[in-house]
Protein chains: 2
Amino acid sequence: MGKDTGSRGRRQSELSDGELEVLKVLWEGRSNTVREVMERLHASGRKLAYTTVLTFMNRLEQKGYVKSDKAGLAYVYRAKRSRELVTSTKLRAMVEQLFDGAAAPMVLQLMKSENFSRDEIEAFRKLIDELDAEG
Amino acid sequence: MGKDTGSRGRRQSELSDGELEVLKVLWEGRSNTVREVMERLHASGRKLAYTTVLTFMNRLEQKGYVKSDKAGLAYVYRAKRSRELVTSTKLRAMVEQLFDGAAAPMVLQLMKSENFSRDEIEAFRKLIDELDAEG
DNA sequence: GCGGGAGTACTACAAGTGTCGTAGATTCTT
DNA sequence: AAGAATCTACGACACTTGTAGTACTCCCGC
């Protein structure tokens, strides 16, 4: 019953939710020791143990999202991939996954479902005009 | 070394990637037995064992995304949550996760990074005008 | 009235994830 | 230098997810 010796069950191993939470803090900070990141997380209401944050930082490093240098006592971490890169990668994945690669329907749905202010709408229009000008 | 008897490590249990793949097929189909879903997945290049598809359908049902009725021999599944609902929920989660709740920057980034055609841009402009008119 | 095929239920299991505890190393304080 | 405060390394463990095998059930044709 279910010997199951084959090799199944792997995944892509990308940025996970928890790792992203930590990475976001790294993007904001300049110095970024584990303790500082933990404190900033606590400050924004996210309570995690020191070692949990450490685990995330390590995993982020293994996955190539950050790098660390020993600065005296502790390691200091810096993001290797920018927020823009990560967000656009995630957005692209979303487009593929939910809209089969068609980004326009996604934008349309967003524009419809989110309630944007006049100012925001104006910003959209402005950008559209620019894009249109370039072609 | 790490007795660790506490209760940690749970998650929200939401729609997973594999489940979504199957759900997307359900959204398209009318009849939707396990076998049919599997065949349509195969047709689009996604090879999964019958029981794997079954597992996803069951998990989808447990999570409330689909319901099933025994139609003679086999169960027939129908989606309980519409594509629109699911996509907008996922999009909202994305907005929260990546843009701290601000949808406008996400739309802007999409408009910049994806290369939209004139027609698509025209569609955006049209929608914007409508939104603007309502206000 | 039974064998075969379709279908479902149950089990399994590896990798990934969230969450941390503990032990050992290093450094700061007195 | 002893003890305190910090850090990191390593392990641990429950739950999820992707993926599927096996066993049991039910009906159909012979």
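Order of the sequence lines sets the chain letters (A, B, ...), proteins ahead of strands, with each chain counted from 1. Note: hydrogens, waters and symmetry copies are ignored here, and every other heavy atom, side chains too, is used.
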request  = Please report the C-alpha distance between E19(A) and K63(A) in whole Å, then the side-chain angles of each, then the deciding distance to 0.1 Å, and finally whether the salt bridge (Lys or Arg N to Asp or Glu O under 4.0 Å) criterion is met.
outcome  = CA-CA 10 Å; E19(A) 287 155 9; K63(A) 294 184 181 183; 3.0 Å; yes
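One interatomic measurement links the two molecules: CD of Q62(B) to P of dT8(C), which rounds to 15 Å at whole-angstrom precision. The separation between M38(A) atom CE and dT19(C) atom C1' is 14 Å, rounded to whole Å. One atom, CG of D17(A), and another, P of dT17(D), lie 11 Å apart when rounded to the nearest Å. A straight line from CE of M57(A) to P of dT19(C) spans 16 Å, rounded to a whole angstrom. As rounded to whole Å, 14 Å separates atom C1' of dG18(C) from atom CG of L15(A). Regarding L60(A), its CG atom lies at a distance of 10 Å from the P atom of dG18(C), rounded to whole Å. Atom CD in E36(B) sits about 14 Å away from atom P in dA6(C), given to the nearest Å. Atom-to-atom, CD of E14(B) to C1' of dG18(C) comes out at 17 Å; the value is rounded to the nearest Å.
The distance from the CD atom of E134(B) to the CG atom of N115(A) is 9.5 Å, given to the nearest 0.5 Å.
Sorted by first and then second residue, the pairs that involve residues 77-134 of chain B and meet ring-ring contact (aromatic ring centres under 6.0 Å, His included), not counting sequence neighbours, are F116(B)-F124(B).
Counting heavy atoms of neighbouring residues, nucleotides and ligands inside a 6.0 Å radius, atom NZ of K90(A) exceeds 12 of them.
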Nucleotide N/O of nucleotides 1-8 of chain D paired with protein N/O under 3.5 Å:
{"residue": "dC7(D)", "atom": "OP2", "partner": "R35(A)", "partner atom": "NE", "Å": "2.3"}
{"residue": "dC7(D)", "atom": "OP2", "partner": "R35(A)", "partner atom": "NH2", "Å": "3.1"}
{"residue": "dT8(D)", "atom": "OP1", "partner": "Y75(A)", "partner atom": "N", "Å": "3.0"}
{"residue": "dT8(D)", "atom": "OP2", "partner": "Y50(A)", "partner atom": "OH", "Å": "2.7"}

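Ionic pairing of R92(B) and E114(A) is present here: one or more N-O contacts between side-chain nitrogen and carboxylate oxygen are shorter than 4.0 angstrom.
When each of R118(A), K126(A), R125(A) is tested with E122(A) by the rule salt bridge (Lys or Arg N to Asp or Glu O under 4.0 Å), just one qualifies, namely R125(A).
The side chain of T52(A) contributes no N or O atom lying less than 4.0 Å from OP1 or OP2 of dT19(C).
In the interface, the side chain of R59(B) is paired with the base of dG18(D) through a donor and an acceptor atom under 3.5 Å apart.
Formation of a donor-acceptor pair under 3.5 Å by the E120(A) side chain with backbone atoms of S117(A) is found in this model.
Positionally, the nearest nucleotide of DNA chain C for F56(A) lies more toward the 5' end than for the other of F56(A) and G72(A).
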